[in-house]
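Have a look at the structure below, then the notes.
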Amino acid sequence: MAFARTIFGDVDPSTLGVVDCHDHLIRVGAGEVYIDGDHQLDSVEKAIEEGGYFAEASKKWSPNGGTVVDMCPINCGRDLNKLAEVTKAVDGLQVIAATGFHREHVYLETQSHWINRYDVDKVAELVIADIREGIDKNDYSGPIVERTPYKAGVIKVGTAYGKITKFERKCMEAAAIAAIETGCPINTHTTYGTCGLEQAEGFLELGVPANQIAIGHIQRNADVYYLEQILKLGVYLEIDGTNRIKYQPDSNRMMELRAFYEDGFADRILLGTDSGKRGYQKAYGATSGVDYNPAVDGPRMVDEGFDREYIDKLLMKNAQEFFTFKKEG
């Protein structure tokens, strides 16, 4: 039977409802928080409030509510017990948790990091265990590993601005091994929209099926020609970064989404918000938050005359297909 893997078990993908394909509800520390304290999302109460906004907005599109894909990867501040507490408290909310890796930059000093000390097969084993056995309570911050019952349902990989470092290539190789072994999808981080094409080509060369790959944050490079070169490889694009006026207006994302529809790529576009800072979430006082796709983007697309079937694909159906595991069990 086809399934997506949430933290509370495998579910029929059609029950995911609206899917926020890249976001953050809980982050309890690690490198990103060290670099910028605004990334600290350690309050269960605030996460419940934020998740509630998303669930309520999602219910206007689907009776199942919605699913947040929490893209905090290995050794980056995961706390699955807190994330489970949030999910239990919000009616109409499901959560898919991530394993995998961020860009090298957020691990601070990496010469001594265990990713560099272990061979790639051993790194891949840890990713596979997150998917099949349960995510480590201690977020692989070591040395003791204590499995929670909450399994990962997506693999993250991040790369640097304008390059893929040696450390990041090793992470890509480990992610590819795990994806091929388990059928788990890969959703990536690109820095300012760079190296998306190289990520897609790299994973394909490593043997990952195109329909298991989504290239993320890619809207930051608002060059439709470039973005469609990636789509022509058969992979998905994940469009997020909502309401980031300091980078570009939301009209750029609408332009991209319209172009993809007109050019025949309607089935392989995913939406997220990546509201991974306190300054991006309503619960901490921001004017927009995790609910942006169903609360703002959906109604805007209706107002702008987008095809309703396409809107449903963007908010729900494409992601329900993408987060379906490509292997049984």
Cut-off 3.5 Å, side chains only: do Glu146 and Asn138 have a donor facing an acceptor?
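Yes, because at least one side-chain N or O of Glu146 sits under 3.5 Å from a partner of the opposite role on Asn138.
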[X]: partners by ring pair (Phe, Tyr, Trp, His ring centres under 6.0 Å), with sequence neighbours left out:
{"X": "Tyr236", "value": "Phe322"}
{"X": "Tyr150", "value": "Phe8"}
{"X": "Tyr118", "value": "Trp114"}
{"X": "Tyr247", "value": "none"}

Could you please spell out the steps behind the side-chain hydrogen bond (donor to acceptor under 3.5 Å, both in side chains) verdict for Thr165 and Glu104?
CA-CA 8 Å; Thr165 69; Glu104 182 174 8; 2.8 Å; yes
Tell me whether the centres of the aromatic rings in Tyr292 and Phe54 are closer together than 6.0 Å.
no
For Ser251, which residues count as a side-chain hydrogen bond (donor to acceptor under 3.5 Å, both in side chains) partner, sequence neighbours excluded?
none
With sequence neighbours excluded, tell me which residues meet side-chain hydrogen bond (donor to acceptor under 3.5 Å, both in side chains) with Lys246.
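By the side-chain hydrogen bond (donor to acceptor under 3.5 Å, both in side chains) rule, Lys246 matches Tyr280.
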Once ring-ring contact (aromatic ring centres under 6.0 Å, His included) is applied, what residue pairs with a partner in residues 175-201 remain, sequence neighbours excluded?
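For residues 175-201, and leaving out neighbouring residues, the ring-ring contact (aromatic ring centres under 6.0 Å, His included) pairs sorted by first residue read His102-His189, Tyr161-Tyr192, His189-His217.
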Under the ring-ring contact (aromatic ring centres under 6.0 Å, His included) definition, can you give me all pairs with a residue in residues 25-50, not counting sequence neighbours?
none
Residues 268-276 side chain polar contacts: donor-acceptor under 3.5 Å, at least two apart:
| residue | atom | partner | partner atom | Å |
| --- | --- | --- | --- | --- |
| Arg268 | NH1 | Leu231 | O | 2.7 |
| Arg268 | NH1 | Val235 | O | 2.8 |
| Arg268 | NH2 | Leu231 | O | 3.4 |
| Thr273 | OG1 | Asp23 | OD2 | 2.2 |
| Thr273 | OG1 | Ser275 | N | 3.4 |
| Thr273 | OG1 | Ser275 | OG | 2.8 |
| Asp274 | OD1 | His22 | NE2 | 3.3 |
| Asp274 | OD1 | His24 | NE2 | 3.4 |

Are the side chains of Leu227 and Gln219 in contact, using a 4.5 Å heavy-atom criterion?
no
Could you tell me which residues satisfy side-chain contact (heavy atoms from CB on, under 4.5 Å) with Val127, sequence neighbours excluded, listed by chain and number?
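So Val127 forms a side-chain contact (heavy atoms from CB on, under 4.5 Å) with Ile74, Thr99, Phe101, Ile131, Ile155, Ala178.
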Is Arg27 salt-bridged to Glu32, cutoff N-O under 4.0 Å?
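Answer for the salt bridge query: yes.
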Using 4.0 Å as the upper bound for N to carboxylate O, is an ion pair formed by Arg147 and Asp136?
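The answer is no: the pair does not qualify as a salt bridge.
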Listed once per pair and sorted, the side chain to side chain donor-acceptor pair (under 3.5 Å) pairs that draw on residues 196-212, sequence neighbours left out:
Thr159-Gln199, Thr188-Gln199
Give every residue pair that meets the side chain to side chain donor-acceptor pair (under 3.5 Å) criterion with at least one member in residues 64-75, sequence neighbours excluded.
Asn75-His113, Asn75-Ser141
